Amino acid sequence: PLPSFLALESALEKIAAKRKSETLESYALRLMDQKLPEAARRASPLISAYASLRYGKVGNAEELVEQIQEWLELYAQA
């Protein structure tokens, strides 16, 4: 896994941890729940993009890392 994704996943544990048997795609969908904080909803497309990159080789790793870093700067300290 990308180190930045691991940091994202770690930060999300405080909001809505990924279930052990949950796929990344299912996790991303669950994070869209309006009852969850904005940080979770904004992380959802990042997790979807990571799943596409990791399992389907679709997407740009550098761009995703930048987007994850932006999320971490905005929400990881909260």
Side-chain angles (χ1 to χ4, degrees):
L2 294 172
S4 60
F5 179 77
L6 295 176
L8 173 66
E9 196 172 41
S10 177
L12 284 169
E13 283 183 20
K14 300 170 190 160
I15 301 169
K18 181 182 172 297
R19 298 173 185 140
K20 288 185 181 189
S21 62
E22 193 170 36
T23 66
L24 290 174
E25 293 85 352
S26 295
Y27 184 40
L29 286 174
R30 185 166 58 88
L31 291 179
M32 290 303 297
D33 186 331
Q34 292 299 312
K35 295 175 189 166
L36 291 174
E38 177 184 359
R41 294 191 307 273
R42 290 190 176 245
S44 176
L46 301 176
I47 292 171
S48 293
Y50 176 72
S52 293
L53 182 66
R54 182 167 181 187
Y55 301 113
K57 306 290 187 229
V58 176
N60 181 312
E62 288 180 19
E63 192 174 292
L64 180 57
V65 167
E66 286 178 22
Q67 293 170 347
I68 291 172
Q69 290 299 331
E70 289 174 12
W71 186 96
L72 291 168
E73 289 172 15
L74 285 171
Y75 299 108
Q77 305 303 325

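On a predicted model such as this, the values are computed, not experimentally measured, just so you know.
Following chains of ILVMFWY side-chain contacts shorter than 4.5 Å, one can reach Val65 starting from Leu74, so the two form part of one hydrophobic cluster. At a threshold of 4.5 Å between side-chain heavy atoms, the hydrophobic network of Ile, Leu, Val, Met, Phe, Trp and Tyr places Leu6 and Ile68 in two separate groups.
Of all heavy-atom pairs between Arg30 and Ala16, the closest is NH1-CB, 4.0 Å. Closest approach of Leu64 and Leu53 over heavy atoms only: CD2-CD2, 4.0 Å. Counting all heavy atoms, side chain and backbone alike, Ser44 lies closest to Ala28 at OG-O, 2.6 Å. Looking at every heavy atom in both residues, Pro1 comes nearest to Arg54 through CG-NH1, 3.8 Å. The two residues Gln69 and Ser4 have their closest heavy-atom pair at NE2-CB, 3.6 Å.
Listed for the Arg41 side chain is a donor-acceptor partner under 3.5 Å among the backbone atoms of Leu36. Under the 3.5 Å distance criterion, the side-chain polar atoms of Tyr75 are left unmatched by any main-chain donor or acceptor of Ala40.
Under the 4.0 Å criterion applied to side-chain N and carboxylate O atoms, Glu38 and Arg42 are assigned as salt-bridge partners.
Between Leu12 and Ile15, the closest side-chain pair of non-hydrogen atoms falls below 4.5 Å. With contacts defined as side-chain heavy-atom distances shorter than 4.5 Å, the pair Lys18/Leu24 qualifies. Side-chain atoms of Leu2 and Leu8, non-hydrogen and from C-beta on, never get closer than 4.5 Å to each other.
Residues meeting the salt bridge (Lys or Arg N to Asp or Glu O under 4.0 Å) test with Glu25, sequence neighbours left out: none. Looking at residues two or more places apart in sequence or on another chain, you find a ring-ring contact (aromatic ring centres under 6.0 Å, His included) between Phe5 and Tyr50.
Distance check: Glu9 CD to Leu46 CG gives 12.5 Å after rounding to the nearest 0.5 Å.
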